[in-house]
Amino acid sequence: MKIHEYQGKELFDRMGVPTAKGKVCRSVEEVLSAYEELGLKKAVVKAQVLTGGRGKAGGIKIGENREEVAAAAKAILGMEIKGLLVDRVMVAEAVEIASEYYFSFAVDRNSKSVVMILSREGGVEIEEVAAKTPEKIEKIPIFPFVGIPDFLAKKAAAILFDDWKLVMQGKVMIQNLYKLMVETDASLVEVNPLVVTKDGRLIALDAKLNFDDNALFRQPEIESLFEPDEEEKREQEAKANGFSFVHLGGEIGCMVNGAGLAMATMDLIKLYGGKPANFLDIGGSSNPRKVIEAMKLLLSDKDVKVVLINIFGGITRCDDVARGLITAFNEIKTDIPIVIRLTGTNEKEGRKLLEGTPFHSAETMGDAIKKAVALV
Amino acid sequence: MKIHEYQGKELFDRMGVPTAKGKVCRSVEEVLSAYEELGLKKAVVKAQVLTGGRGKAGGIKIGENREEVAAAAKAILGMEIKGLLVDRVMVAEAVEIASEYYFSFAVDRNSKSVVMILSREGGVEIEEVAAKTPEKIEKIPIFPFVGIPDFLAKKAAAILFDDWKLVMQGKVMIQNLYKLMVETDASLVEVNPLVVTKDGRLIALDAKLNFDDNALFRQPEIESLFEPDEEEKREQEAKANGFSFVHLGGEIGCMVNGAGLAMATMDLIKLYGGKPANFLDIGGSSNPRKVIEAMKLLLSDKDVKVVLINIFGGITRCDDVARGLITAFNEIKTDIPIVIRLTGTNEKEGRKLLEGTPFHSAETMGDAIKKAVALV
Amino acid sequence: MVQGITGRDGGFHASKMRDYGTRIVGGTSPGKGGTTHDGFNVYNTVVETVKETGADTTIIFVPAPFVKDAIMEAADGGIKLIIVITEGVPTLDFIAARHYATALGARIIGPNCPGLISPGKSLVGIMPGNIFTPGRTGVISRSGTLTYEVVYNLTLAGIGQSTAVGIGGDPVSGLYFIDLLQMFQGDPETDSIVMIGEIGGDAEERAAAYIKEHVTKPVFSFIAGQSAPADKRMGHAGAIISSGTGTAKEKIAALEAAGVTVLNEPADIPAKIKAVV
Amino acid sequence: MVQGITGRDGGFHASKMRDYGTRIVGGTSPGKGGTTHDGFNVYNTVVETVKETGADTTIIFVPAPFVKDAIMEAADGGIKLIIVITEGVPTLDFIAARHYATALGARIIGPNCPGLISPGKSLVGIMPGNIFTPGRTGVISRSGTLTYEVVYNLTLAGIGQSTAVGIGGDPVSGLYFIDLLQMFQGDPETDSIVMIGEIGGDAEERAAAYIKEHVTKPVFSFIAGQSAPADKRMGHAGAIISSGTGTAKEKIAALEAAGVTVLNEPADIPAKIKAVV
C-alpha cells in the first residue's frame, strides 16, 4: 500500500524527522492561503500523485513569490502524470540546498532482512545510481531484534556526511525513521532527496512510504490513509471476497485457482494471440458461492467477451468442482461464452459432468485458451 | 541495592502484576485504619525488613479480626530480625491459598544471561529446594534482544500450571515482570510464594527486588527508594569519595588499593590472629587527598587501634606514593600507630623515604600484618 | 507435528498427510492439550509435543498474526525443519522469526507455500498427493496450483518426481531456489530439476548465476507473469514488478544464459525432459 | 586499537602500552576523527579504524554508560578480541552486548578488568608492565592489584609468566576461568597455572570441576575474601556472598578436591611452584 508524499511527511513530522514546512492543498486558493499562513517566500509546489518521476513530468515547480506560486499551482492542479489526475498539491518552503543524499529502509528479499540503503548521490532515481555506479550505494542489513543501536546509526550517517555535527543529526533521523518503519509495518521508507541546507540543517525533502499489505490488519491508522483509485477499489472489493484481482484491459476474462496458474493462464492467452481482461485468483477452494461472486466481477467488465475458467482440482476433486460450476451457472444466466478447463484429480469425471451443458469444455490449458481466443 | 517488600509490591502494582491488597504502616494505629480502609477481614501483618527468614523469626502473623491484627502489629513493630529493627509492617489481605509456587528472574553468572527460575515448590527457600531436589527447579535463559515472546511465557507458565487458564494468567504476569526487570535494571525479581487462590486467581504474595548498583545512574526513581542503615550510609559516603568500604568491627583499620588486595589483607590479618576493622579499597591512584579522606574514614571508627596501609605501586611508583603519604600525614595528626607496606615499582626508594618518619614500615604483606597485630 | 492441528485447515491436512503415509505424531492447540483430534494427540506447546513424541519437523497452519510466535516456538522447541503454510504473514514478523529460527539451527520453508512432498514416501504440505508419482525429477516452485499443473503433466507423461518443494509466494521466505538447487544437485535420487519461477525480485537471476557455477544436472524452467503489468501485485505478495525490475523477461534471459531450458508452456516441459534425460 | 583514546585513562594507557611494545594502530573518539592524539591516529568509528589499520583487537576505556554500544560497535566492525577496562558497566548492558558480540564471533575479556599481558611481548591492559617477566607460568585472576602482588612475588622469585589475564570483578564477564584454563592447558609455552579467585558466584567451583577433568598442568590458587561477611559487596560488584553461597571456604574445598594447591598467603605461591615445576 502506498501513500501520498504529504501523508508521509505528516508521519515524519510526528516521528521527529525534520521536513520542510509545507501543507497539502486542493485548489489555487488553498495554496495561496497556505503560502501566507506558513510565511513562505520562495516556495515549491509539488503534485501529490502515487507515482515517481513527478519532476520530469512537470509536477514540481518553484515560485519566487506569491504570483509565481499561484501560477505553479494552477499549472499543476488538474494535470495528468502517468495517467493519474493531480487533484492536490503540496506547497512547501523551498529550502536552500547545499547537498543531496539518498536514504531508505527497504525489505530486502535476498538478505531476508530490512536493509538501510545510503548514497551520496541523492535526488536522482536510486535504480539509475545502482545500475551505473553501484559502488556509490551502501547497504546495511539490520538485525531484527537488535534494531539500530547508536553506533550503527552513527556508522551509517558517517557514510553520508563528513561533518560530525551532521553525523549526529543523521543518527537521530535514522533511528527515528527505523522506528517509523517498524511501528507502521512499512516495507519501504525512502527519503530522496535527503538534503543538507546551506544553513547546515538536515531535512527530508521527500517522504515515500510503502506498507506491507499483510500487516494492515494491525495498522488501522495506516490503512485509513489508503485512497484507492477506481481500479484499486475493484481490487479491494475482490479481496473482500477472498479473491486476488487485477484489471488488465483485454477481452478474455479469466477465473483461475492459484496465483501462479492465473499468471500462466494470462501469459498463454497472450502467447496464443488473445488479450486477458484480468488476473483473477479465486483461491484454494471453488465452491458455487465463490464462482458466482467471481463471475459477477468478471461480467462487470463490459469489455469481456469470453470467460475462461481454469481450475486445478487437487484436494477438491474435478467432479465436485464441475458440480459447483453447474450450480453456480444455474443461478447466473449469461450469454457470454464460457470455456471451462478442469484438470487434476477425477478430471475425466468432471469433464463428463460438463457434457451437454452450454459450456465449452477443454482438456489442456493450451486447448482451452485456443478455444477462448477463437470465441472472442 | 535492595528495597522493601511493600516498595516492590508498589512496582508490581504499577506494572499490572496482581498482588494482594495491602498497605505499609508505621504504627498500630496506622495498621488499624488501613485494615478498615482496605475493608479487610482475615489479614496478614508482615515485618518490612531487608532480610529473608521473616516468617521463621516471627515477623509474619495472621489476624482473623481487628483485635488479632492489632495484636500482631504490636508484636511485630519494634522487634529485631537478624539485627534489623522492624519500624514498619505491611498489613494485607490474607488470601485463601490453594497452591504455592516459586518464580524469579535473576542474573545468572554462568549462562551470562538473565534466567527465569520456576518451581512448583513455592513458599520455601529456593536454595533449600535447589540443594535437596534440584530436579524440581527449571531455569530458562532469556535472549537479551528477544526478551519473552508469547510462546516462551506460555511455555514457562505451563511448567507451573496444568490449567490453561492459569497458564494464560501466568503468561501475562511473566511478561510484565520481565518488563519490570529490564526497565528498572533489576538483578533479581523474585515472587515467593506466587500463589493460586482458592477462587482461581494468580497472586504475587511477596515481592523481592534487587537492583544493579552499576545502573543506578540511570534509575533515579529506583535509587530514591534506597533507605540505607547507618553502616550503609558510611559505605555511601565512602563511595562518594571513590572508595569501596565495608565495616567489619575489628581493631586494625586497613587502607588498600584494589579490592582483591584489600580482601587478601583482611584475610591475612585474621590468619595472623588480628581483627580487621574494615574493608577499604581506595582505588587505583593514591594521591594525598584520597589518603586524607580515607584516614578520616578509618579514624571515625573508635575501635580502630592500628592502621595498616598496604599499597601496590604499579604504574604509580612507590616513591611517589610514599611522598603522598608523608604529605597526607603532615596534615592529619594522629597518635594511632600506622604500619605502611609499599610494594611494586621503586619500592626500595619508597621505603627509604619513609625511614625516619613515625611510620612503621614493612617489606612484605606478612611482615606488615605481623607488625600491625603486635601493635594492637 | 502440526501447529494448529485443531483448526479447519490444520486438521484437514493432518489427516490427508497421514493418509499419504507421513508419520504425524500429533500437534499443538494451546488450551486443548491432553485431548485428541481426529485421532491425533493434541498438546498445548511445541516443547511438550517434542518431549512426548520426538518430532523434528513441524507444519504450521496457525492464523497469520500468530505465525511469528509459532515459528519461534518451533525453533525453541528443537524443531529443525519448519514448514509454514499460512498466507498473509506480515513481512517484518517473518524476518524476525526467521532470524531467531536460523540462530537456533532450524530451516524454514514458506510462508504462503504448499509444502513439500517426496512422492510415495511422505507429504508435509497441502499438495494433492495423488497427482504425484515417484521418480527422478526434482521440482522447485514459488507457486501452488501452477506446480500441480506442471507435476500433473509430468506424471501423465510418465516422469516421476524425487521431491517437489513449494517455496512460497511471499517476498521474504525461508529456503529458496539456490538452497534447493544445491540440495537437488547433491541428491543421488534426482537426475533433472524443474524450476517454476514468477515475476518479482531477482531470485531467478541469482539462481541462474548459481546454476551456471554449481549445477550440472539439466534444469527446466517456466516463469509465470510474462504478461503482468508493472506495480501490481499478482496474487502472491512477492509477485510484483517494481521500479521496472523483477520482470519475466529478465529472468528468462538470465536462466537461458545459464543453460536452463525455459519453456513457454507448462505442458511442454515433459517432452523436453524426455529429450534430454 | 583503543576505544576512547582521547580520554584521560585511554590516552594514558595507550602510551604505556605502546611503550611496552604493543602495536597500537590508533583509536576512536567520535567527532575527533582525522586528528592525532599523543601520536596516535584518531578515528570517528571502529569500522573506519579497522578499514584504515586492520586492527583485530580493541581495548575499551569509554565511560560505563557507553560500553554496551562500544562493545557492539567493535564486534560489528570485525574486531575479534575485545578487552573492556571500564568499571561500573550495568549488568544488563553487558549481557546484551556480549550476546551480540558472541553471535558475531568476537570474544570479550572484562569488563572491570586490568586486561592481559604476555610479558616481553605485548600488553593490552593497564597492568604495570615492569613488574612482569617472561616465563612459563600462566596467571588468571578476578582481581587487579592482588594479581600484581602475586606476579611481583613470582618475578622476584625468578618465576616468569607466559601470559597473565585479569578476567574482571563483575558478576557477569566475558572469558572466564574455564576458558582460560583451557587455553593455558593447550599452550605449549605454559607449564603451570596460578588462579586467583575470590568470593561470589561459583566460577571457582566450576573451574575446579574442569581442572579435575581436563587440566594436567599443576594449578596453584589463592582465594580472597575468606574473612568477608555475607551480603556485602567487597569492592568488586561480583564479590558478594549471597544466600550463603559463594564463600571462600566452598571454593577452596572444591579446588583442593580437584588437586589444586590452594595457598593461604599470596607470598607462599612462588615456593610451591618451585617445589613442583
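Convention: sequence-line order gives letters A, B, ...; per-chain numbering from 1. Computed from a prediction, not measured in an experiment: that's the story for all the values here.
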Task: chain C contact via A:A262 - which portion, at a heavy-atom distance below 4.5 Å - done: neither
Open item on the list: Can you confirm whether C:K232 sits close enough to A:E231 that some side-chain heavy atom of one is under 4.5 Å from a side-chain heavy atom of the other?
Closed with: yes
Open item on the list: Holding to ring pair (Phe, Tyr, Trp, His ring centres under 6.0 Å), I want the full list of residues that pass it with C:Y152, two or more places apart in sequence or in another chain.
Closed with: A:F312
TODO: Give the member of C:P65, C:S227, C:P128 that has the highest number of heavy-atom pairs under 4.5 Å with chain A.
DONE: C:S227
- [ ] Check step by step if side chain to side chain contact (heavy atoms under 4.5 Å, CB included) holds for C:E265 and A:Y272.
- [x] CA-CA 11 Å; C:E265 283 193 54; A:Y272 283 94; 2.4 Å; yes
Open item on the list: Can you confirm whether C:P90 sits close enough to A:F217 that some side-chain heavy atom of one is under 4.5 Å from a side-chain heavy atom of the other?
Closed with: yes
Task: chain A interface, residue from C:K16, C:H236, C:E87, C:M234 that has the most non-hydrogen pairs under 4.5 Å - done: C:M234
Open item on the list: Can you tell whether the side chains of A:R218 and C:D93 come within less than 4.0 Å, N to carboxylate O?
Closed with: yes
Open item on the list: If we define contacts as heavy-atom pairs under 4.5 Å, which of C:N153, C:D202, C:T245, C:I199 has the most with chain A?
Closed with: C:D202
- [ ] Among A:T184, A:D185, A:D212, find the one that has a side-chain contact (heavy atoms from CB on, under 4.5 Å) with C:L92.
- [x] A:D185
Task: Side-chain (A:D267) to main-chain (C:A224) donor-acceptor, under 3.5 angstrom - done: no
Open item on the list: Tell me whether C:R233 is salt-bridged to A:E235, with the criterion being a basic N under 4.0 Å from an acidic carboxylate O.
Closed with: no
Open item on the list: Quick check for you: among A:M181, A:E232, A:K239, A:M266, which has the greatest number of heavy-atom pairs under 4.5 Å with chain C?
Closed with: A:M266
Open item on the list: Let's test your reading of the structure: which of A:L248, A:V256, A:D213, A:I269 forms the most heavy-atom pairs below 4.5 Å with chain C?
Closed with: A:D213
- [ ] Indicate the atoms forming the closest heavy-atom contact of A:R109 with C:G238, along with that distance.
- [x] NH2-O, 2.6 Å
Task: Residues of residues 105-116 of chain C within contact distance of chain A, non-hydrogen under 4.5 Å - done: none
TODO: Apply side-chain hydrogen bond (donor to acceptor under 3.5 Å, both in side chains) to the pair C:T145 and A:N257, showing each step before the final yes or no.
DONE: CA-CA 7 Å; C:T145 46; A:N257 67 336; 4.5 Å; no
Task: Main-chain N/O of C:V89 paired with A:N214 side-chain donor or acceptor, under 3.5 Å - done: yes
Open item on the list: I'd like to check A:M365 versus C:E149 (side-chain heavy atoms, cut-off strictly below 4.5 Å). Are they in contact?
Closed with: yes
TODO: Report yes or no: does A:K112 contribute a side-chain atom to a donor-acceptor pair with the main-chain N or O of C:S173 at less than 3.5 Å?
DONE: yes
